[in-house]
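Remarks on the structure that follows.
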Amino acid sequence: RDEGEPLDAVVDGLFVHRFPLPIVRGRRLRYVFQYAMFLLAASALLLRLQLSHRFDVIHIHSLPDFQVFCALPERLAGTRVILDLHEAMPELFAARFGLSMDSWQVQVAGALERISVLAADRIIVVNDVMKARLIQKRVPGERITVVMNSPSTSDASPGEVLVKKGELGLSEDPAIVYVGGVNAERDLETLVRAVSVVNRHRSVRLVVIGHGDEPYRRRLSDLAIKEGLADCIIMNKVPYWQVPSYMALSVLGPITYESNPLTELATPTRALEYASQGKPLVIADLRAVHGVFGDAALYYRPGDFEDLARQIRQILDSPDLARRLAKEATGILGRCSWEIMKSRLVSLYYGLTNAPGSTTAESPRSA
């Protein structure tokens with residue numbers, strides 16, 4: 001629960017139950033404590049809800065993957081359980097704490113993941129790389145469904161875009177507007193340095209919007225000033241319905257990440273969101289995201305700001321290239337749109353409950 005949020009609420013027709021447990025990044029013991037407290041609290045609440053509602057399906061989102069055990073009593077009683085692996089715990093441990101994939105901590109996380117997968121009826125992953133990873137670990141492919149984090153696309157209102165442009169004080173010079181997480185894993189220092197290099201040849205504004213740790217935000221602001229980008233705007237996250245308008249202001253979609261075991265498996269939702277606004281993409285060259293976009297984007301070596309600057313200049317200097325990349329990225333979005341992913345998810349629910357998958361059938365009760 002974020003500060004000021006109620007414990008219980010109805011959001012767009014969904015009953016939401018929150019725990020008064022803030023999410024705090026920190027040392028390994030802090031993660032273990034938070035995971036354990038949430039597991040215990042969720043187990044108790046789920047059991048209470050199950051007694052009154054009799055759910056057909058329980059859909060568990062990682063992290064952590066062993067959260068699936070909060071539904072063990074319900075599964076033993078016949079309720080079907082889905083484990084949704086948005087991220088991989090072993091790779092996350094390696095990335096967050098600078099560990100080798102052979103370290104004992106990562107090996108323990110891998111063992112927990114294997115046990116967690118066995119405790120679910122079906123597994124959801126966010127891309128084909130994650131699916132292949134589980135198949136290599138001898139999880140049967142028929143138990144795995146790919147449901148990407150595709151956005152429900154909406155075009156930005158031209159009037160709203162103009163309002164946002166005025167609020168940010170942007171001129172006719174091209175602007176690069178980054179919207180997403182503001183933390184070290186996003187490697188926004190590389191973006192700041194790259195824009196500084198581009199500015200030696202032509203004027204480009206940089207805007208960074210997103211939620212993040214305040215110390216990192218200050219570090220990024222100090223770096224922008226040091227690199228000669230005193231007009232760089234760094235602001236907090238905006239409501240999700242305003243994201244398309246801010247993205248529409250950008251001349252391209254910057255998808256920056258550091259290279260680590262976790263980011264190699266990631267498919268950033270914001271890449272598809274920029275594509276939905278017709279923006280050419282410049283992406284950190286990482287395995288999973290490259291597998292999705294192929295030739296529909298330009299790639300730079302993670303951490304190499306000069307390489308990123310070269311790719312940005314290519315788009316700024318070649319309108320034909322920018323239009324081609326934007327068109328191809330839109331085509332990728334069309335093949336993995338939320339409408340397609342929603343159909344997969346709903347079919348999975350109905351398949352688990354043996355209910356007819358039509359819009360007239362009563363939906364399975366799920367938690």
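Index from 1, following the sequence. As the structure is a computational prediction, the values presented were derived from the model and not from experiment.
Salt bridge present: Glu172 and Lys165 bring a charged side-chain N and a carboxylate O closer than 4.0 Å. Ion pairing between Asp317 and Arg202 holds under the 4.0 Å rule for side-chain N and carboxylate O. The pair Glu113-Lys137 counts as a salt bridge, with a side-chain nitrogen and a carboxylate oxygen less than 4.0 angstrom apart. Using a 4.0 Å cut-off between charged nitrogen and carboxylate oxygen, Lys131 and Asp128 do not count as a salt-bridge pair. Ion pairing between a basic and an acidic side chain is recognised when a charged N comes within 4.0 Å of a carboxylate O; Arg217 and Glu214 show such pairing. In summary, Glu258 and Arg186 do not engage in a salt bridge, as defined by a charged side-chain N under 4.0 Å from a carboxylate O.
Taking the six-membered ring for Trp and thresholds of 30 and 60 degrees, Phe97 and Phe93 have ring planes more than 60 degrees apart, a perpendicular arrangement. Under the 30°/60° scheme for interplanar angles, the aromatic rings of Phe38 and Phe19 are found to stand perpendicular.
Both tests do not hold together for Arg80 against Tyr350: distance to the six-membered ring centre under 6.0 Å, angle to the ring axis within 45°.
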Listing, residues 222-249 side-chain donor-acceptor contacts under 3.5 Å, not counting sequence neighbours, or none:
unit_1 : atom_1 : unit_2 : atom_2 : d
Glu227 : OE1    : Ser196 : OG     : 3.4
Asp231 : OD2    : Arg205 : NE     : 3.3
Gln242 : OE1    : Lys164 : NZ     : 3.2

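Residues Leu40 and Ile58 fall into different hydrophobic clusters, defined by Ile, Leu, Val, Met, Phe, Trp and Tyr side chains chained together at heavy-atom separations under 4.5 Å.
Not a single donor-acceptor pair under 3.5 Å links the side chain of Ser221 to the backbone N or O of Arg218. With hydrogens and angles ignored, the 3.5 Å screen pairs a side-chain donor or acceptor of Glu5 with a backbone N or O of Asp2.
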